[in-house]
**Student:** 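Here's a structure for you.
It should be emphasised that the depicted structure is a prediction, and the values quoted were computed from it without experimental measurement. In what follows, chains carry the letters A, B, and so on, assigned in the order in which the sequence lines appear, proteins first and then strands, with residues in each chain numbered from 1.
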There are 2 protein chains.
Amino acid sequence: MIESKVTELLKKTQLSVTDGRRRILELFLQHEGALSHGDIEKKAGEKFDRVTVYRTLQAFLEKGLIHSIPSSDNSIRYALCKDDCSDGHHQDDHVHFICNRCGNTTCLEEVVVPSIKLPRGYSAQQVEMLVSGICKSCGGA
Amino acid sequence: MIESKVTELLKKTQLSVTDGRRRILELFLQHEGALSHGDIEKKAGEKFDRVTVYRTLQAFLEKGLIHSIPSSDNSIRYALCKDDCSDGHHQDDHVHFICNRCGNTTCLEEVVVPSIKLPRGYSAQQVEMLVSGICKSCGGA
DNA sequence: ATAACAAATGCAACAAAGTTGCAAAAAGAA
DNA sequence: TTCTTTTTGCAACTTTGTTGCATTTGTTAT
Ligand SMILES: [Mn+2]
Ligand SMILES: [Mn+2]
Ligand SMILES: [Zn+2]
Ligand SMILES: [Zn+2]
């Protein structure tokens with residue numbers, strides 16, 4: 001069950017398990033694809049205060065439960081991390097895909113971000129790769 | 001002179017040349033690195049209305065004068081395009097670097113975004129690569 | 001189970017960012 | 001210059017994000 005998975009994850013990351021956190025984590029587990037703050041606010045319904053959603057995402061981020069995905073439309077998305085992300089140390093080196101038709105953002109876990117050679121003087125700490133186009137579900141044609 | 005370059009660019013893109021547009025384009029030409037809406041608002045001073053800045057960036061974007069750079073902090077940056085970007089068709093296939101020390105975002109024109117193989121069903125229309133770390137100026141020591 | 005303590009939540013009051021319609025002003029064309 | 005079109009500024013508004021504080025809830029130890 002998702003119920004137990006949720007509690008397990010919260011326990012593992014040393015977060016006290018509250019209704020809000022359970023609900024939001026549940027949303028991530030159910031929903032294939034990334035969620036923005038706004039998405040969560042809508043999906044979680046009236047039950048939780050907006051501020052709580054902000055703080056919960058913040059906490060999840062810090063604990064390495066979720067990672068954030070940059071965007072070109074001023075609305076960061078978040079998605080669950082794999083097990084190897086822990087307390088502050090993220091290890092999400094996969095490509096993200098943004099569908100121009102359905103608008104969904106997906107983690108392409110199987111596609112690793114290629115390494116890259118930077119000009120002299122620059123040193124990289126993190127690399128993000130964002131691909132936009134038509135996703136599998138929308139591809140149809 | 002920058003003055004004439006500015007006017008030339010506006011004429012070329014069929015934008016009527018106004019004080020606001022001149023000023024903002026000037027900022028882009030002077031400033032090495034990308035600018036956010038907020039940056040521009042500050043740098044342009046009290047002289048221009050916030051709404052005008054929004055509309056100007058929008059216009060520049062559509063005409064292929066500038067391109068936008070995704071971010072993880074809900075503040076899109078913009079930078080000048082090269083000559084080969086025109087009316088709606090952008091051709092900015094370079095890597096963007098975000099410095100964690102000085103906060104500047106730079107176009108690494110000389111670093112081309114590597115191509116990538118997507119899983120079956122996905123088709124790419126655009127690829128963005130964002131590298132964060134320490135930039136040339138901050139690298140020092 | 002209860003009490004004590006620590007942490008999370010909701011609320012209120014803000015601040016900041018973004019949007020829209022419209023009248024006035026400025027650009028471009030004739 | 002005059003006419004026409006486009007851009008601008010303003011006002012009013014919506015949405016998004018932040019902060020402090022009192023209350024509620026979760027956790028741990030008795
Ligand atoms: Mn991801
Ligand atoms: Mn660029
Ligand atoms: Zn899609
Ligand atoms: Zn720097």
Side-chain angles (χ1 to χ4, degrees), chain A residues 3-4 6-28 34-63 65-66 68-78 87 103, chain B residues 3-4 6-27 34-63 65-66 68-78 87 103 105:
Chain A
E3 268 302 294
S4 53
V6 162
T7 312
E8 180 207 319
L9 279 172
L10 289 174
K11 287 257 170 72
K12 187 160 75 181
T13 51
Q14 318 215 32
L15 287 166
S16 46
V17 8
T18 65
D19 288 352
R21 289 174 177 172
R22 267 214 304 273
R23 181 76 187 101
I24 293 180
L25 192 42
E26 196 175 274
L27 286 177
F28 277 113
L35 298 170
S36 69
H37 171 94
D39 294 335
I40 293 169
E41 228 180 280
K42 286 179 202 89
K43 285 177 194 281
E46 311 293 304
K47 295 196 62 185
F48 305 100
D49 193 84
R50 219 151 47 83
V51 180
T52 301
V53 177
Y54 283 113
R55 297 197 268 224
T56 303
L57 288 174
Q58 194 52 42
F60 284 5
L61 214 46
E62 280 161 8
K63 292 296 185 175
L65 265 176
I66 59 176
S68 69
I69 304 165
S71 87
S72 297
D73 69 340
N74 276 351
S75 78
I76 305 175
R77 307 290 164 127
Y78 303 88
D87 226 331
Chain B
E3 268 302 294
S4 53
V6 162
T7 312
E8 180 207 320
L9 279 172
L10 289 174
K11 287 258 171 72
K12 188 161 72 180
T13 51
Q14 320 215 31
L15 286 166
S16 45
V17 10
T18 66
D19 287 353
R21 288 174 177 171
R22 267 214 304 273
R23 182 75 186 102
I24 293 180
L25 191 44
E26 197 176 274
L27 285 177
L35 298 170
S36 68
H37 171 94
D39 295 335
I40 293 169
E41 229 181 280
K42 287 180 201 86
K43 284 175 194 279
E46 311 292 305
K47 295 195 59 183
F48 304 100
D49 193 85
R50 220 151 45 83
V51 181
T52 302
V53 177
Y54 283 113
R55 296 195 269 223
T56 302
L57 288 174
Q58 193 53 42
F60 284 5
L61 213 46
E62 281 162 8
K63 292 295 186 177
L65 265 176
I66 59 177
S68 70
I69 305 165
S71 89
S72 297
D73 69 341
N74 276 349
S75 78
I76 304 174
R77 308 288 164 128
Y78 302 88
D87 223 331
T105 297

**Student:** Return the set of residues passing side-chain hydrogen bond (donor to acceptor under 3.5 Å, both in side chains) with A:Gln58 (not counting sequence neighbours), or none when no residue passes.
**Tutor:**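 With sequence neighbours excluded, A:Gln58 shows a side-chain hydrogen bond (donor to acceptor under 3.5 Å, both in side chains) to A:Glu62, given in chain and number order.
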
**Student:** What's the separation between atom CG in A:Leu15 and atom CZ in A:Arg22, rounded to the nearest 0.5 Å?
**Tutor:**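 Here the rounded value is 13.0 Å.
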
**Student:** Check side-chain hydrogen bond (donor to acceptor under 3.5 Å, both in side chains) between A:Ser75 and all other residues, then give those that pass, not counting sequence neighbours.
**Tutor:**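 side-chain hydrogen bond (donor to acceptor under 3.5 Å, both in side chains) check on A:Ser75 returns A:Asp73.
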
**Student:** What's the verdict on side chain to side chain contact (heavy atoms under 4.5 Å, CB included) for B:Ile24 and B:Phe60, showing C-alpha distance, side-chain angles and the deciding distance?
**Tutor:** CA-CA 10 Å; B:Ile24 293 180; B:Phe60 284 5; 4.0 Å; yes

**Student:** Check nucleotides 27-30 of chain D against the protein and report each pair of N or O atoms closer than 3.5 Å, with its distance, or say if there are none.
**Tutor:**
residue	atom	partner	partner atom	Å
D:dT27	OP1	A:Val17	N	2.8

**Student:** How long is the straight-line distance from CD1 of B:Ile76 back to CG of A:Asn74, given to the nearest 0.5 Å?
**Tutor:**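 Interatomic distance, A:Asn74 CG to B:Ile76 CD1, rounded to 0.5 Å: 4.0 Å.
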
**Student:** Determine the minimum heavy-atom distance between B:Tyr78 and B:His37, stating which atoms define it.
**Tutor:**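 So the minimum-distance heavy-atom pair works out to CE1-N, 4.4 Å.
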
**Student:** List for me each residue that meets side-chain hydrogen bond (donor to acceptor under 3.5 Å, both in side chains) alongside B:Ser36, sequence neighbours excluded, and say none if there are none.
**Tutor:**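 side-chain hydrogen bond (donor to acceptor under 3.5 Å, both in side chains) list for B:Ser36, sorted by chain: B:Asp39.
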
**Student:** How does protein contact run along nucleotides 12-23 of chain D, one letter per nucleotide 5' to 3', with B for base contact, S for sugar-phosphate only, - for none, heavy atoms under 4.0 Å?
**Tutor:** ----BBBBB---

**Student:** Give the rounded distance in Å between these two atoms: NZ of A:Lys47 and P of D:dT25.
**Tutor:**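 Rounded to the whole Å, the gap is 12 Å.
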
**Student:** When you compare the side chain of A:Arg50 with that of A:Val53, does any pair of heavy atoms fall below 4.5 Å?
**Tutor:**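 When only atoms from C-beta onward are counted, A:Arg50 and A:Val53 do not touch, as no gap falls below 4.5 Å.
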
**Student:** To the nearest 0.5 Å, how far apart are CG in B:Leu10 and CG in B:Leu65?
**Tutor:**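 It comes to 6.5 Å.
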
**Student:** Can you pull the contact range of chain B along DNA chain C, 5' to 3', using atoms under 4.0 angstrom from its heavy atoms?
**Tutor:**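 Extent of the interface on DNA chain C: C:dA17 to C:dG28.
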
**Student:** If I compare all heavy atoms of A:Asp49 with all of A:Val51, which pair ends up nearest, and what's the gap?
**Tutor:**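 Closest approach of A:Asp49 to A:Val51: OD2-N, 2.9 Å.
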
